[in-house]
Structure formats: C-alpha cells, structure tokens
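Below: one structure, written as structure tokens.
Since the structure is predicted, the reported quantities are computational estimates derived from the model, not experimental observations.
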Amino acid sequence: MSSSSRGGIRSASQRTKATPPPSIPSSTNRASSSHPRPSDKLNPKTIDPFAEPRRSPSAFSAVYSRGGIPCRLVHGSVKHNLQWERLPETIPFDPLLITLAEGLKETRHPYTFVSQEGFKELLMVPGAKEKVLPILPKVTAALKGALVHSDGSVFERGLNALVQLSSVVGPSLNIHLKQLLTSISKRLMEKTYKEQITAALQEMEQYGGKESLGIIKSKIPTYCSTCN
C-alpha cells in the first residue's frame, strides 16, 4: 500500500473521531417539551397589558339594550333628539323615571344623552308632579348616585336633573334636600363648579320656598340668598 493511501485512511479515521455522535434527547427533556411547566401559565408574554379591559354592561345599558326604555336616539345633523315609542304622558313614571335617573351615571354614548334627555322630557309632561311624588324618594336616591360620582360630567348632569326635579315638585323636595346637599357641598370647593352650583342652589331655593333656605344654609353656610 502506498504512503498516500495510508495517509488518506488516517485522515478519514481522524475526521470520524472528531465528529461527535448526534445527541439523543433525554426523557426529561422530552417531558418538558410536551408538557408545559406551571410557570408557563404566568408568562407575561401571554398577557397584553395594553388591552382594554372588558366592561360589564351597566344596569341602564342592559335595560336599554332589551328595549326597556321606550325611546331611541335620533341622530340629527345639528342636534340629537329622542323618538318615543308612545306619548311620554301615557308612560308610567314608575320605574321609568327612576331608571333614567340611574342612567345619569353613564359615561358612554348614547346612554348619556338618552338618560339626560329622557329624564328632562318626562318631567315636562302634563301632571308630572302627581306622577313623581309617589316615587320621589327613589328618584332622589338615584340622583344622589350621580352627584357623588367622580366624573365631573356625571355630576353636572345630576345637578341639572336635580334643578329640573325641584322645578316640578317644589317644596316637596325639601325633605330630601339635606342628603343631596352633602354631596353638592363637596364639589363647591372646586372652582370649576362653584358658579354652576351657586346658580342651582338659587333656583332650588326659589322652587322650595323659605324652608329650603334654612336647609341650604345648614349644609352650605356660605350660601347667600338672592330671594327677597
């Protein structure tokens, strides 16, 4: 055998020894790849921190979606309106007016408009006072929910609704006024609402009579009456 042939055999043998055999996965590795580890469930990559959390439907939106509010929003080019399924004066105030008052806490369209405008239009029907008085405690309790809300727009809708209610029931609101003023007085410390609240208090004093002045002053001592 020539020297060149022997050298070729030795080179092939050395290459064979230098190449490691393919690794065979152990049973442990196979198990870990086929079965996820408990810590994988906590992998933050499976959670989108920027995803918007799912919102549970509110009581008002659920009622509205079921058709429990007998009116619908009509979009106009300049102004939105409500279209009633039947004349508002033929609709019982219990529970509709209470539901609309609770809807004032909504922060999403169209519920904000429907609750605010629906509450206003119901109070404008003939004989509204007689229809409101039997359910006045429930209506004022619902309005308080809007007055204590952290959202400023919700508070403003609740305050406007309270003035509308006061214009309808007059002195009958006085018995409920004290608990409502507690929530209003807290917002009075904010400059944003001071002028609006003062105007609302003056209107409620006008509708509530002399007795209302003492109630307002008991909760808001700095209030100045404009009535003679």
Side-chain angles (χ1 to χ4, degrees), residues 50-76 79-125 127-169 172-187 190 192-193 196-197 200 204:
F50 302 104
E52 184 176 350
R54 292 185 178 181
R55 279 181 162 181
S56 301
S58 63
F60 182 82
S61 63
V63 172
Y64 184 81
S65 300
R66 293 196 305 266
I69 310 296
C71 62
R72 283 295 178 269
L73 173 63
V74 178
H75 291 88
K79 185 180 179 181
H80 299 329
N81 296 289
L82 287 184
Q83 181 178 350
W84 293 88
E85 297 175 2
R86 51 194 173 113
L87 294 175
E89 52 264 34
T90 66
I91 303 174
F93 277 28
D94 188 5
L96 182 57
L97 188 67
I98 303 168
T99 304
L100 290 169
E102 291 173 343
L104 295 171
K105 295 181 293 185
E106 293 289 338
T107 57
R108 291 179 292 168
H109 185 76
Y111 312 125
T112 52
F113 181 85
V114 171
S115 59
Q116 182 178 12
E117 189 66 19
F119 188 88
K120 174 185 173 182
E121 292 187 12
L122 268 190
L123 290 180
M124 293 172 63
V125 305
K129 180 177 181 179
E130 290 71 23
K131 295 181 179 182
V132 174
L133 289 179
I135 59 172
L136 189 56
K138 294 181 179 180
V139 175
T140 53
L143 287 181
K144 185 177 180 180
L147 294 173
V148 300
H149 202 280
S150 59
D151 190 294
S153 298
V154 173
F155 170 78
E156 290 178 355
R157 287 194 292 272
L159 186 64
N160 291 334
L162 180 59
V163 174
Q164 294 162 9
L165 182 65
S166 177
S167 69
V168 173
V169 301
S172 299
L173 183 63
N174 290 343
I175 191 174
H176 307 284
L177 196 55
K178 185 173 290 188
Q179 60 176 338
L180 298 171
L181 288 173
T182 302
S183 306
I184 295 174
S185 63
K186 295 178 181 179
R187 290 280 187 174
E190 302 177 35
T192 307
Y193 306 106
Q196 184 179 358
I197 291 175
M204 286 188 286

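Atom CG of residue Leu122 and atom CG of residue Leu96 lie 5.0 Å apart, to the nearest 0.5 angstrom. For the atom pair Leu180 CG and Lys178 NZ, the distance stands at 12.0 Å (nearest 0.5 Å). Atom SG of residue Cys71 and atom CG of residue Asn81 lie 11.5 Å apart, to the nearest 0.5 angstrom. Taking CD1 of Ile69 as the reference point, atom OG of Ser61 lies at 10.5 Å (rounded to 0.5 Å). Here Leu147 contributes atom CG and Leu162 contributes atom CG; the two are 6.0 Å apart, rounded to the nearest 0.5 Å. Atoms CG and NZ, on Leu143 and Lys105 in that order, are 10.5 Å from each other to the nearest 0.5 Å.
Between Gly67 and Arg72, the shortest heavy-atom distance links the atoms CA-NH2, 3.5 Å. Shortest non-hydrogen contact noted between Gly145 and Val148 is O-CG2, 3.5 Å. The shortest non-hydrogen separation linking Phe119 to Ala101 is CE1-CB, 3.8 Å. Across all their heavy atoms, Ala146 and Gly158 have their closest contact at CB-CA, 3.9 Å.
Taking the side chain as every heavy atom from C-beta outward, Val154 and Leu104 never approach each other to under 4.5 Å. Between Ser172 and Leu136, some side-chain heavy-atom pair lies under the 4.5 Å cut-off. Side-chain atoms of Leu73 and His109, non-hydrogen and from C-beta on, do get closer than 4.5 Å to each other. Side-chain contact between Leu100 and Phe60 is present, with heavy atoms from C-beta onward closer than 4.5 Å.
Counting non-hydrogen atoms of other residues, nucleotides and ligands closer than 6.0 Å to CD1 of Ile175 gives a total of 12 or fewer.
Residue pairs meeting the side-chain hydrogen bond (donor to acceptor under 3.5 Å, both in side chains) criterion with at least one member in residues 139-165, sequence neighbours excluded, do not occur. Within the structure, side-chain hydrogen bond (donor to acceptor under 3.5 Å, both in side chains) pairs that include any residue of residues 112-123 comprise Trp84-Glu121 (at least two apart or interchain).
Residues meeting the ring pair (Phe, Tyr, Trp, His ring centres under 6.0 Å) test with Tyr64, sequence neighbours left out: Tyr111. Scored by the ring pair (Phe, Tyr, Trp, His ring centres under 6.0 Å) test, Tyr193 finds Phe155 as partners (sequence neighbours excluded). Contacts of Val168 classified as side chain to side chain contact (heavy atoms under 4.5 Å, CB included), with partners at least two apart in sequence or in another chain: Leu123, Ala128, Lys129. Residues passing the side chain to side chain donor-acceptor pair (under 3.5 Å) test with Glu106, sequence neighbours excluded: Ser58.
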